K.L.:
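Let me give you the structure first, and then I'll get to my questions.
Position 1 is the first residue of the sequence; numbering continues from there. Here the structure is a predicted model, which means the values were calculated and not measured.
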Amino acid sequence: EIFNDANYEEALNYFNQVSEDDEDYTYVIIFKITCLMELERYDKALFLIESLLREDPEDELLLYEKIRCHIALGENDEALSTLKIFENLISVDDKRMLLCVSKFYKLLGDYENALKYCNEALKIDGNFEDAVREYERCCESKLGRLIANRELPVLERAEYLRNTISIKSI
């Protein structure tokens, strides 16, 4: 209940009392990571994430959180390295995961890959509004516009949907 009420400091104190030999200890660590992330203690969250990744180096949730930590800490090379691993593990049929990869690339300043993954999500679902919005956000920068214009034949559907959504919202 403490955790669900967003009392992360109090929840963290509670989770710290759970011993390592508890059968649910791994889950407790995951909750601790969430608390630490919410409290912006990314270095401590990263330490716990890496300890769990030693047991399961292909855990998508942990890799996702590791990327977030590295970005928050300004460790873009490490974030990119982890993103490459994450990218190879996700399903190419999962539009939400593809969009997630797109957002990470945008945060890392790689608009080419951001638009590429956004487009892949749109190929799966041409009406995926989150992907259309992400495409729009990528195009807000000069570099993003240049890449989008170069890739326009590939991204025509996103552009069409972006314009359709803009017209509907007027």
K.L.:
Sequence neighbours excluded, which residues qualify as ring-ring contact (aromatic ring centres under 6.0 Å, His included) partners of Y64?
P.N.:
F104
K.L.:
Applying side chain to side chain contact (heavy atoms under 4.5 Å, CB included), name anything that partners D24, two or more places apart in sequence or on another chain.
P.N.:
D22, Y27
K.L.:
With sequence neighbours left out, which residue pairs that include part of residues 59-71 fulfil the salt bridge (Lys or Arg N to Asp or Glu O under 4.0 Å) condition?
P.N.:
E50-K66, E65-R68
K.L.:
What's the shortest heavy-atom distance between F128 and L122, and which atoms?
P.N.:
O-CD2, 3.9 Å
K.L.:
Which pairs with one or both residues in residues 81-92 pass salt bridge (Lys or Arg N to Asp or Glu O under 4.0 Å), sequence neighbours excluded?
P.N.:
none
K.L.:
Are Y25 and L53 connected into the same hydrophobic cluster when the rule is that any two of I, L, V, M, F, W, Y join if their side-chain heavy atoms are below 4.5 Å apart?
P.N.:
yes
K.L.:
Rounded to the nearest 0.5 Å, how far apart are CG of L62 and OG1 of T82?
P.N.:
11.5 Å
K.L.:
Going through the checks in order, is the side chain to side chain contact (heavy atoms under 4.5 Å, CB included) test met by N76 and L80?
P.N.:
CA-CA 6 Å; N76 291 354; L80 185 59; over 6 Å; no
K.L.:
Mind listing the closest non-hydrogen atom pair of A131 and C118 along with its distance?
P.N.:
O-SG, 2.9 Å
K.L.:
Apply side chain to side chain contact (heavy atoms under 4.5 Å, CB included) to K123 and N119, showing your working.
P.N.:
CA-CA 6 Å; K123 283 181 185 176; N119 185 52; 3.4 Å; yes
K.L.:
Can you list the residues that meet the side-chain hydrogen bond (donor to acceptor under 3.5 Å, both in side chains) rule with E58, with sequence neighbours excluded?
P.N.:
none
K.L.:
Quick one: closest heavy-atom pair of I71 and A79, and the distance?
P.N.:
CG1-CB, 3.7 Å
K.L.:
Checking D21 now: which residues fulfil side-chain hydrogen bond (donor to acceptor under 3.5 Å, both in side chains) with it, not counting sequence neighbours?
P.N.:
S19
K.L.:
What heavy-atom pair brings C69 and M37 nearest, and what distance separates the two atoms?
P.N.:
SG-SD, 3.1 Å
K.L.:
Please name the pair of heavy atoms, one in L98 and one in A121, separated by the smallest distance, quoted to 0.1 Å.
P.N.:
CD1-N, 4.0 Å
K.L.:
For L89 and L63, run side chain to side chain contact (heavy atoms under 4.5 Å, CB included): C-alpha distance rounded to whole Å, both residues' side-chain angles, the deciding distance at 0.1 Å, then the answer.
P.N.:
CA-CA 10 Å; L89 294 174; L63 290 168; 3.4 Å; yes
K.L.:
Within this structure, what is the OG1-CD distance for the pair T26 and E20, rounded to the nearest 0.5 Å?
P.N.:
10.0 Å
K.L.:
So, taking the atom named CG in D43 and the one named CG in L36, what distance separates them when rounded to the nearest 0.5 Å?
P.N.:
8.5 Å
K.L.:
Could you tell me the separation between the CD1 atom of I29 and the OG1 atom of T34, rounded to the nearest 0.5 Å?
P.N.:
11.0 Å
K.L.:
Rounded at 0.5 Å granularity, tell me how far OH in Y8 sits from CZ in F15.
P.N.:
10.5 Å
K.L.:
Has the side chain of N7 got a donor or acceptor atom that lies under 3.5 Å from a matching backbone atom of E10?
P.N.:
no
K.L.:
How would you list all residue pairs meeting side-chain hydrogen bond (donor to acceptor under 3.5 Å, both in side chains) that involve residues 88-101, not counting sequence neighbours?
P.N.:
K95-D125
K.L.:
List for me each residue that meets side-chain hydrogen bond (donor to acceptor under 3.5 Å, both in side chains) alongside N16, sequence neighbours excluded, and say none if there are none.
P.N.:
K32
K.L.:
For side chain to side chain contact (heavy atoms under 4.5 Å, CB included), just list the numbers for E120 and L99, CA-CA rounded to whole Å, side-chain angles, deciding distance to a tenth of an Å, and then say yes or no.
P.N.:
CA-CA 8 Å; E120 291 302 314; L99 184 59; over 6 Å; no
K.L.:
Going by heavy atoms in the side chains, are Y105 and Y117 under 4.5 Å from each other?
P.N.:
yes
K.L.:
Within this structure, what is the OG-CD distance for the pair S102 and E134, rounded to the nearest 0.5 Å?
P.N.:
4.5 Å
K.L.:
According to ring-ring contact (aromatic ring centres under 6.0 Å, His included), does anything in residues 71-103 pair up with another residue at least two apart or in another chain? List the pairs.
P.N.:
none
K.L.:
May I ask you to test the L108-L83 pair for a side-chain heavy-atom distance under 4.5 Å?
P.N.:
yes
K.L.:
Are F47 and I33 connected, step by step, through hydrophobic side chains (Ile, Leu, Val, Met, Phe, Trp, Tyr) whose heavy atoms are closer than 4.5 Å?
P.N.:
yes
K.L.:
Going by the rule side chain to side chain contact (heavy atoms under 4.5 Å, CB included), which residues pair with E75 if we only count those two or more places apart in sequence or in a different chain?
P.N.:
L46, H70, L73, E78
